[in-house]
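Please read these numbers as outputs of a predicted model, since none were measured by experiment.
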Amino acid sequence: MAQSAYPNYNATDYSKVSQTQQNGNVKEVYKFVMESPQETMSIEGAVIYNPATDRIISINFKEIS
């Protein structure tokens, strides 16, 4: 997931930050450590999906410090 948003980086670590219910959907938030030969950065990825159908509603990434 994060690899496709940051193609020149490798995900070297990740952890689940939270999981919440909202309007019948589930929101899961993950923290990823991404590395390239030039730098290391942390990003947060949030995915919202319908647990009844396992269909993804949205995926968002943002860089964090």
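- A single hydrophobic cluster is not seen to contain both V17 and F32; linkage of ILVMFWY side chains at heavy-atom distances under 4.5 Å, directly or through other members, places them apart.
- Atom CD1 in I43 sits 13.5 Å away from atom OH in Y14 (nearest 0.5 Å).
- Using a 4.5 Å heavy-atom threshold, the side chains of D13 and S15 count as separate.
- A 6.0 Å sphere centred on CD1 of I57 holds more than 12 heavy atoms belonging to other residues, nucleotides or ligands.
- None of K27, E28, R55 except one satisfies the side-chain hydrogen bond (donor to acceptor under 3.5 Å, both in side chains) rule with Y49; the exception is E28.
- The two residues N25 and P51 make their nearest non-hydrogen contact at CA-CD, 4.0 Å.
- For E39, the side chain to side chain donor-acceptor pair (under 3.5 Å) partners at least two apart in sequence or on another chain are Y9.
- Taking both residues in full, the closest heavy atoms of Y6 and M34 are given as CB-CE, 3.9 Å, listed atom of the first, atom of the second, then distance.
- For NZ of K62, the number of neighbouring non-hydrogen atoms (other residues, nucleotides, ligands) closer than 6.0 Å is 12 at most.
- Shown here for V29 and A46, the closest heavy-atom pair between the two residues is CG2-CB, 4.2 Å.
- Residues Q21 and V26 have side chains in contact (heavy-atom distance under 4.5 Å, counting atoms from C-beta outward).
- Closest non-hydrogen pair, I48 versus Q22, comes out as CD1-OE1, 3.5 Å.
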